[in-house]
Amino acid sequence: MATTILEILSAQRKFFKSQKTKDVNYRLQFLKALKTEILSKEQDIYFALKKDFNKSEFEAFISEFGLVISELNLAIKNLKKWAKPQSVKSSLLTFPSKDFIYKEPYGNVLIIAPWNYPFLLAIEPLIMAIAAGNTVVLKPSELTTNTSKILSKIITKVFPIEMAASIEGGIDIATELLAQKWDYIFFTGSVPVGKIVAKAAAKYLTPVTLELGGKSPCIIDDTVNTKLTAKRLVWGKFLNGGQTCITADYLIVHRNIKDALIKNIKNEIIAFYGENPINSSDFPRIINYKHTKRLAKTLEGVKVIFGGQIDVDNCYISPTLVDEPNLNSALMSNEIFGPILPILSYDSEKDIEKIIWNYEKPLALYIFSNNKAFIKENITKYEFGGGVVNDLLIHFSNNRLPFGGVGTSGMGAYHGKHGFNTFTHNKPIIKRGNWIDPNIRYAPYSYKNLNIIKKMFKWFG
Ligand code: NAD
């Protein structure tokens, strides 16, 4: 008989209370086993991603597998240091004392993953949740069935079910999982589902990280080298078939260089994927029919200036450029999440404001420019999760940087030590000395003592 969600959660609750995961060496042993298992399944993972949406081994390595191994290496190398109680300077007001921050796991963690980087976005939070000493239930995406199966195989092989389990399924399973009481929920996915998760978490006041999406702009001024810019744009926009949460959703290009940039973008698309990208083994497919149809609909009534080939049966949409779509069009009303690039133009910085402030705070913002003042102004003027100057996406790959959204693009962050911190409660502990006990704070209170206390606050507070 299959183990039910309640049975798994109850086993994980009991296991967490057994204190086993508080032992850093115990966690390390599992992280090492996880690495060995993932390395042994490398080819199976590439095969699954290819089958799920024609993702090439090259893209699978640079955007998923390689990042996972690097996260595991970082955790294995640094875990003892990260998990140690951190000693902080004590305060004269608590004299005599030794003050610490204990790194405490939250307990039972639920991770819900999306389909677009189905291996990376499931395993990366799991690594840090385990590193921090939690138990994990992972629900991978139902849309990438092959990758989800491999994920379940890996987790089942490495972990006892009371420490980590993968539960496959769709909305019904996710709903059942969200109805339970967790100690932490880590969700990656769309804004509407993020709201459902937040609401479910609120019932038990469970802390959440929400890694969501939105319409991420890319501003390009007239100081750029249009050929280099075009090459970087085509790489970042069409990687993963445009199905990347932090890709440039649309461009805002200075009118002076717009034509030159478009010409170079067209050339680069052909150089990357050939005249007919459906034949390219490097160009991924849209995840399913439903999303292909959704994307095809957004092309109705807009001015397609390149690409626009659609083959719904093969879940294929060619790299497509759209000129000056209306901000009220279907294409510009929601996150695109596909290989369609709208190109808007600007003359003044007021034009840029009007476009960006038309939307909620995005997950990413990109600026291509050689003008330092323009770059500085745009980095600070707009609120967004994170960004890059003169390239796309690459802030995701440095695990020294926190990754996450702001406003409706998400809350909380992870990657590297930031991920460990996400799954850790910082528990302050003061160890008070007993060798002296000044009477000053005790009743009956005296104004003389109050004056001394006020002076202490002023000098040492
Ligand atoms: P999604 O929100 O549809 O699904 C994500 C997960 O939630 C899946 O596991 C799914 O089964 C589950 N789910 C779906 N509907 C649900 C419901 N009603 N109740 C409970 N759970 C439900 O997202 P997706 O289509 O898998 O992924 C695409 C979205 O994710 C895009 O908006 C993208 O921007 C965002 N995303 C964000 C990041 C990030 O790091 N910020 C990364 C990747 C994707």
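Atoms within a ligand are numbered from 1 in the order they appear, just like the ligands themselves. Numbers here simply count residues along the sequence, with the first being 1.
- Salt bridge K157/E37: present, at least one basic N to carboxylate O contact under 4.0 Å.
- Ionic pairing of E104 and K22 is not present here: no N-O contact between side-chain nitrogen and carboxylate oxygen is shorter than 4.0 angstrom.
- Close approach of ligand 1 to L363 is summarised as follows: ligand atoms under 4.0 Å from at least one heavy atom of the residue are 41 (N).
- Looking at S216, G189, P192, G213, it is G189 that brings a heavy atom closest to atom 35 (C) of ligand 1.
- With a heavy-atom cut-off of 4.0 Å, T188 touches ligand 1 through backbone and side chain alike.
- With a 4.0 Å heavy-atom cut-off, ligand 1 is reached by no atom of Y117.
- For the pair E353 and K381, the salt-bridge criterion is met [side-chain N within less than 4.0 Å of a carboxylate O].
- When the heavy-atom distances from atom 34 (O) of ligand 1 to E124, E335, H415 are ranked, the shortest goes to E335.
- Of all protein heavy atoms, the one lying nearest to atom 13 (N) of ligand 1 is V193 CG1, 3.8 Å.
- Ring centers of Y102 and H425: at least 6.0 Å apart, outside the cut-off.
- Those atoms of ligand 1 with a heavy atom of F337 less than 4.0 angstrom away are 28 (C), 31 (C), 33 (C), 34 (O).
- The N/O atoms of H291, backbone and side chain alike, include none that comes under 3.5 Å of an N/O atom in ligand 1.
- Of the protein's heavy atoms, A174 CB, 3.2 Å lies nearest to atom 21 (N) of ligand 1.
- Taking the charged nitrogens against the carboxylate oxygens, E324 and K258 do have a contact shorter than 4.0 Å, which makes a salt bridge.
- In this model, no donor atom of one side chain and acceptor atom of the other lie less than 3.5 Å apart for K354 and N358.
- With hydrogens and angles left out, the side-chain atoms of S148 and E168 include no donor and acceptor closer than 3.5 Å.
- Here atom 37 (C) of ligand 1 lies nearest to L212 when heavy atoms of I246, L212, N334 are compared.
- Cation-pi check for K103 over F423 is not met; the charged atom does not lie both under 6.0 angstrom from the ring centroid and within 45 degrees of its normal.
- Geometrically, ligand 1 and A113 share a nitrogen or oxygen pair separated by less than 3.5 Å.
- Taking only nitrogen or oxygen atoms, main chain and side chain alike, S190 reaches within less than 3.5 Å of ligand 1.
- For atom 11 (O) of ligand 1, the nearest protein heavy atom (residue, atom name, distance) is E142 OE1, 2.7 Å.
- Each of F159, F15, Y106 was scored for a side-chain contact (heavy atoms from CB on, under 4.5 Å) with T135, with one residue passing: F15.
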